[in-house]
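Before any comments, here is the structure.
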There are 2 protein chains.
Amino acid sequence: MNQPANGPPTVEIQNLSRDCHEALLLALLAAGPHHGYQLALELEQKSEGAFRFNHGTLYPILHKLEQVGLIRGDWLDEQTKRKRKSYSLTEAGRTRLARQIEAWRSFFFNFFSVIGEETP
Amino acid sequence: MNQPANGPPTVEIQNLSRDCHEALLLALLAAGPHHGYQLALELEQKSEGAFRFNHGTLYPILHKLEQVGLIRGDWLDEQTKRKRKSYSLTEAGRTRLARQIEAWRSFFFNFFSVIGEETP
DNA sequence: ACACTACATATCGAAGCTCGATAGGTTGAA
DNA sequence: TTCAACCTATCGAGCTTCGATATGTAGTGT
């Protein structure tokens with residue numbers, strides 16, 4: 001979230017959870033617009049249950065991502081009264097995602113290198 | 001830290017930083033006893049500056065790992081008055097490390113699978 | 001008509017972790 | 001003797017995540 005606009009992409013060991021949440025959300029949104037609840041379901045499905053978002057974690061993150069302009073939220077006012085907010089990736093979000101992927105790649109490389117194992 | 005003694009190895013997305021710190025420390029100690037300051041230096045060297053421990057983070061973690069029996073700390077009372085505490089991996093620590101490595105491997109796969117990129 | 005589950009968003013206090021600063025001390029080299 | 005590097009330790013501030021709670025709609029079964 002607080003990454004510098006420019007500069008080398010990094011995934012700080014100190015913010016792994018946060019950065020991971022961010023990367024996963026951006027990646028899911030790269031495939032097309034989703035609303036929050038949908039994102040949680042899809043993450044769980046795609047990871048076969050390994051990853052999941054707590055709702056109490058998910059919504060605040062989405063709000064923050066929207067606030068900093070990485071995603072855009074639009075309330076769907078369909079015929080139905082069910083309120084849903086559709087999120088989509090902004091240009092900035094797309095850029096950040098690409099950078100995050102690079103950063104995670106290098107994180108894993110470093111991690112397994114220190115651990116003394118081949119990167120799988 | 002709060003992993004169940006048995007059961008499937010997992011790296012929870014919610015505790016990535018903590019688990020990462022733990023895994024790195026255990027891995028460094030697997031190579032032989034180190035004291036805290038040494039661990040910080042070695043991590044920085046081995047990762048070529050990518051990873052580092054803040055002292056304010058490192059010592060509390062070491063204390064906790066010792067407390068739960070994953071590592072053992074021995075004060076070195078050499079001739080010198082410089083106080084150093086040598087940490088070494090316990091049997092439990094060695095087991096946990098092996099499990100953590102497996103867990104990180106699977107995390108790694110899941111992550112890139114959701115991200116939609118080939119695992120590097 | 002009623003109950004129940006799944007859908008959907010949101011917030012809040014508690015708990016936990018990390019940061020950066022601060023503290024206190026030793027050793028060796030310039 | 002001054003300085004930098006070595007060495008351990010703690011604490012408050014700040015941030016994140018958790019789990020509970022709140023609120024309401026849509027659909028399904030009975």
Side-chain angles (χ1 to χ4, degrees), chain A residues 1-3 10-25 28-29 33-45 51-68 71-88, chain B residues 1-3 10-25 28-29 33-45 51-68 71-88:
Chain A
M1 249 68 98
N2 300 318
Q3 300 264 347
T10 46
V11 170
E12 297 291 333
I13 200 174
Q14 284 79 14
N15 300 322
L16 279 193
S17 296
R18 203 193 58 187
D19 286 347
C20 184
H21 280 138
E22 179 188 307
L24 291 173
L25 285 178
L28 292 173
L29 287 176
H34 292 69
H35 56 267
Y37 193 83
Q38 235 178 351
L39 287 166
L41 289 182
E42 204 166 318
L43 178 66
E44 199 158 349
Q45 286 162 9
F51 299 155
R52 63 190 176 73
F53 282 116
N54 291 303
H55 287 181
T57 307
L58 173 61
Y59 291 107
I61 293 180
L62 286 173
H63 298 160
K64 209 172 222 173
L65 289 175
E66 184 179 9
Q67 207 187 311
V68 298
I71 65 180
R72 214 191 60 201
D74 304 293
W75 285 103
L76 300 177
D77 50 350
E78 320 148 25
Q79 283 69 17
T80 101
K81 277 175 192 164
R82 177 175 254 158
K83 62 171 185 173
R84 286 189 290 171
K85 197 170 184 180
S86 172
Y87 288 104
S88 46
Chain B
M1 249 67 98
N2 300 319
Q3 300 262 348
T10 47
V11 170
E12 298 291 333
I13 200 175
Q14 284 79 15
N15 300 321
L16 280 192
S17 297
R18 204 194 56 185
D19 286 347
C20 183
H21 281 137
E22 178 189 307
L24 290 173
L25 286 178
L28 291 173
L29 288 177
H34 291 70
H35 55 266
Y37 193 84
Q38 234 177 351
L39 288 165
L41 288 182
E42 204 165 320
L43 178 66
E44 199 158 351
Q45 286 163 8
F51 299 153
R52 61 189 177 74
F53 283 116
N54 290 303
H55 286 182
T57 307
L58 173 61
Y59 291 107
I61 292 180
L62 287 173
H63 298 161
K64 211 172 223 174
L65 289 176
E66 184 180 8
Q67 206 186 313
V68 299
I71 65 180
R72 214 191 60 201
D74 303 292
W75 284 104
L76 300 176
D77 49 350
E78 320 147 29
Q79 283 69 17
T80 100
K81 278 175 192 163
R82 175 175 256 158
K83 63 171 184 171
R84 286 189 290 171
K85 197 172 186 180
S86 173
Y87 289 103
S88 45

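Here is how names work: the chains are called A, B, and so on, in the same order as the sequence lines, proteins then strands, and each is numbered from 1.
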Please classify the nucleic acid contact of [X] as base, sugar-phosphate, or nothing, using heavy-atom distances under 4.0 Å.
X	result
A:R84	sugar-phosphate
B:H55	base
A:G36	sugar-phosphate

message: Nearest 0.5 angstrom please: A:F53 CZ to A:E44 CD, how far?
response: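 Answer for the CZ-CD pair, A:F53 versus A:E44, is 11.0 Å.
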Nearest-Å distance for atom pair [atom1]/[atom2], residues [X] and [N]:
X	N	atom1	atom2	answer
B:L41	D:dT8	CG	C1'	13 Å
B:E12	C:dA15	CD	P	20 Å
A:R82	C:dT5	CZ	P	16 Å
A:E42	C:dC7	CD	P	13 Å
B:N54	C:dG20	CG	P	6 Å
A:L58	D:dT16	CG	C1'	14 Å
A:K83	C:dA6	NZ	P	21 Å
B:W75	C:dG25	CH2	P	14 Å

statement: Walking DNA chain C from its 5' end, the first of A:Y87 and A:N15 to be reached, judged by nearest nucleotide, is A:Y87
- request: Look only at the side chain of A:S86 and the backbone of A:H35, and say whether a donor-acceptor pair between them is shorter than 3.5 Å.
  value: no
query: Where do B:E12 and B:D19 come nearest, in terms of heavy atoms and distance?
result: N-OD2, 3.8 Å
Would you say [X] places a side-chain N or O within less than 4.0 Å of OP1 or OP2 belonging to [N]?
X	N	answer
A:Y37	C:dC7	yes
B:Y59	D:dA9	no
A:H21	D:dT17	yes

query: Relative to the ring of A:Y59, is the ring of A:H55 parallel (under 30°), tilted (30 to 60°) or perpendicular (over 60°)?
result: perpendicular
message: Go through it in stages, so that I can follow the logic: the residues are B:K85 and B:E66, the test is side chain to side chain contact (heavy atoms under 4.5 Å, CB included), and I'd like the CA-CA distance, side-chain angles, deciding distance and then a yes or no.
response: CA-CA 11 Å; B:K85 197 172 186 180; B:E66 184 180 8; 3.1 Å; yes
